[in-house]
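Shown next, in structure tokens, is the structure this report addresses.
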Amino acid sequence: MVAYSEKVMEHFMHPRNVGEIADADGVGSVGNPVCGDMMTFYIKVADGRLADVKFKTFGCGAAIAVSSMVSEMAKGKTLDEARQITNRMVADELGGLPANKMHCSNLGADALRAAIEDYERKHGGEPKEEA
Ligand code: FES
């Protein structure tokens, strides 16, 4: 039995911002090479900020909790601030993940960044190099 933090369980049972944004400004999908799970983020941008963030995750409980947390952390942030969210920050914010589930935290921030890059491509901005 894997020991999840209470926060992970809570986000898994009640994930925030699940779904799709039909007229999204940016969409980013990432697959986890370790297990084949998939995560897609949808963003709406207004005044340089993430006005709305939604996700669809086909993955384990940890991946769903990670997506939910990323969506909460990203909402309202500027594109630059959101780009600075790292997988490690998300795992920390969730109160940690069991060692054999750390790979599940790899998708969240990456998928969000992919959505931001998609937005910038569509709107003529140069995608920034990843830190
Ligand atoms: Fe695939 Fe967790 S087992 S993301």
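Both counts, for ligands and for their atoms, begin at 1 and track the order of listing. Scope of the values below: all heavy atoms of this structure, side chains included, with no hydrogens, waters or symmetry mates.
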Are any side-chain N or O atoms of D37 and backbone N or O atoms of C104, one a donor and one an acceptor, separated by less than 3.5 Å? no
Looking at [X] and [Y], does any basic side-chain N land under 4.0 Å from a carboxylate oxygen?
| X | Y | result |
| --- | --- | --- |
| K122 | E117 | no |
| E20 | K56 | yes |
| R16 | E10 | yes |
| K75 | D52 | yes |

Quick one: give me the number of protein N/O/S atoms under 2.8 Å from atom 1 (Fe) of ligand 1. 2
Between NE2 of H14 and CE of M9, what distance do you get to the nearest 0.5 Å? 9.5 Å
With heavy-atom distances below 4.0 Å as the criterion, list the atoms of ligand 1 near K101. 2 (Fe), 3 (S)
